[in-house]
Amino acid sequence: MTRYWLMKTEPSVVGIDDVLAMPNQTVDWWGVRNYQARNFMRDQMSVGDKVFFYHSNCAEPGIAGLAEVVKKAYPDRTQFDPASKYFDPKSSPENPRWVNVDVRVVKKTRLLGLAELRAQPELVHMRILQRGNRLSITPVDPAEWKFIVERLLK
DNA sequence: GCCAACGTTGGC
DNA sequence: GCCAACGTTGGC
């Protein structure tokens, strides 16, 4: 079953243009250290799932493009790297704690900003728009996906 | 830089 | 298991 997601990234770290410059326009989604977000990747994401590529913590937060899951969850390489800020001493290759999927950018879109998303009555229930939302990976309702892709990004 | 909101940690 | 303290997120 194809699911729909919104995945946040900080463009100062890995933005959509960075991913477009990578081989196959694909990036491993390293660095998730929240159990709920990890569980979404580990338990629910499958190849072919659709993704809103979202820029957060930046001058223009919003949806920057469309992407898809191209590889199922596997151990996040950064958890084993002592030089990484994402190093986790409690994790080991035998018993890894953190995983990531691979994500391929399908299309860069116009920057669909937060204010414009908030202005849509059809999107009032979107997880990303709820007060205090901090989760970096959230499920997107199929109707919300359709509305955004067909009405706002056409 | 501020700060509200939320997640995690650790003493008890 | 509770919950206060602390750390992080992320829009503004």
Side-chain angles (χ1 to χ4, degrees), chain A residues 3-22 25-45 49-69 73-141 143-145 147-149 151-153:
Chain A
R3 290 186 169 93
Y4 301 89
W5 306 94
L6 183 145
M7 300 177 78
K8 295 182 193 172
T9 181
E10 302 190 14
S12 63
V13 182
V14 181
I16 193 160
D17 291 329
D18 299 311
V19 179
L20 285 173
M22 292 176 186
Q25 297 75 56
T26 297
V27 65
D28 52 325
W29 208 267
W30 52 271
V32 169
R33 294 296 181 271
N34 170 283
Y35 288 105
Q36 214 179 333
R38 179 205 66 180
N39 292 348
F40 282 141
M41 287 198 284
R42 188 189 63 189
D43 304 333
Q44 296 192 37
M45 280 193 185
D49 280 8
K50 309 292 186 191
V51 174
F52 286 131
F53 192 104
Y54 183 93
H55 282 173
S56 72
N57 199 16
C58 58
E60 285 189 296
I63 294 171
L66 306 181
E68 65 182 8
V69 176
Y74 60 97
D76 177 336
R77 60 187 162 86
T78 62
Q79 71 195 303
F80 308 125
D81 176 5
S84 170
K85 86 181 239 202
Y86 294 100
F87 177 65
D88 185 345
K90 294 178 191 156
S91 190
S92 67
E94 298 74 32
N95 193 15
R97 178 176 296 196
W98 306 108
V99 299
N100 61 250
V101 297
D102 282 358
V103 172
R104 184 176 75 89
V105 171
V106 174
K107 179 167 128 183
K108 181 178 177 177
T109 63
R110 73 183 178 95
L111 201 288
L112 174 50
L114 255 192
E116 189 176 351
L117 289 170
R118 287 193 196 285
Q120 313 301 322
E122 291 85 350
L123 301 179
V124 288
H125 297 301
M126 262 194 102
R127 194 83 170 263
I128 189 79
L129 303 180
Q130 303 310 305
R131 178 183 178 83
N133 167 73
R134 287 175 21 187
L135 202 53
S136 67
I137 298 177
T138 49
V140 171
D141 189 273
E144 293 166 346
W145 175 276
F147 177 79
I148 290 172
V149 169
R151 306 296 293 281
L152 301 180
L153 292 177

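We name chains A, B, ... by the order of the sequence lines, and we start the count at 1 in each one. Keep in mind that the numbers below use all heavy atoms, side chains included, and drop hydrogens, waters and symmetry copies.
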When every nucleotide of nucleotides 1-7 of chain C is labelled 5' to 3' by its protein contacts under 4.0 Å (heavy atoms), B for base, S for sugar-phosphate only, - for none, what sequence of letters results? ------B

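Among residues two or more places apart in sequence or in another chain, the ring pair (Phe, Tyr, Trp, His ring centres under 6.0 Å) test is passed with A:Phe147 by none. Applying the ring pair (Phe, Tyr, Trp, His ring centres under 6.0 Å) rule to A:Phe53 yields the partners A:Trp29, A:His55; only residues at least two apart in sequence or on another chain are considered.
Aromatic ring pairs are classed by plane angle as parallel below 30°, tilted from 30° to 60° and perpendicular above 60°; the pair A:Trp30 and A:Tyr86 is perpendicular.
Near DNA chain C, defined here as any heavy-atom distance below 4.0 Å, there are no residues from residues 118-126 of chain A.
If you take NE2 of A:His55 and C1' of C:dT9, they are 17 Å apart, rounded to a whole angstrom. Whole-Å rounding puts the A:Asn133 CG to C:dG11 P distance at 9 Å. For the pair A:Leu114 CG and C:dG11 P, the interatomic distance rounds to 6 Å; values are reported in whole Å. Straight-line distance from the CD1 atom of A:Ile63 to the P atom of C:dG10: 15 Å, rounded to whole Å. Rounded to a whole Å, the CD atom of A:Glu60 is 14 Å from the C1' atom of C:dG11. The CD-C1' distance, from A:Glu10 to C:dG10, rounds to 8 Å in whole Å. Remark: C1' of B:dT8 and CZ of A:Arg97 are 11 Å apart, rounded to the nearest angstrom. Atoms CG (A:Leu129) and P (C:dC12) sit 10 Å apart, rounded to a whole Å.
A:Val105 approaches A:Ala67 most closely through the heavy-atom pair CA-CB, 3.9 Å. Between A:Val99 and A:Ala73, the shortest heavy-atom distance links the atoms CG2-CB, 3.9 Å. Between A:Pro11 and A:Ser56 the shortest heavy-atom distance is CD-O, 3.3 Å.
Side-chain nitrogen and oxygen atoms of A:Tyr54 include at least one within less than 4.0 Å of the OP1 or OP2 phosphate oxygen of C:dG11. A sub-4.0 Å separation between OP1 or OP2 of C:dT9 and a side-chain N or O of A:Lys8 is absent.
Sorted by first and then second residue, the pairs that involve residues 90-115 of chain A and meet ring-ring contact (aromatic ring centres under 6.0 Å, His included), not counting sequence neighbours, are A:Tyr35-A:Trp98. Pairs of residues two or more places apart, or lying in two chains, that qualify as salt bridge (charged side-chain N to carboxylate O under 4.0 Å, His left out) and include a residue from residues 74-88 of chain A are A:Asp28-A:Arg77, A:Arg33-A:Asp76, A:Asp88-A:Arg97.
Each of A:Trp145, A:Tyr54, A:Phe52, A:Phe40 was checked for a ring-ring contact (aromatic ring centres under 6.0 Å, His included) with A:Trp5, and the lone residue meeting it is A:Phe40.
Comparing B:dT8, C:dG10, C:dC12 by their closest approach to the side chain of A:Tyr35 singles out B:dT8.
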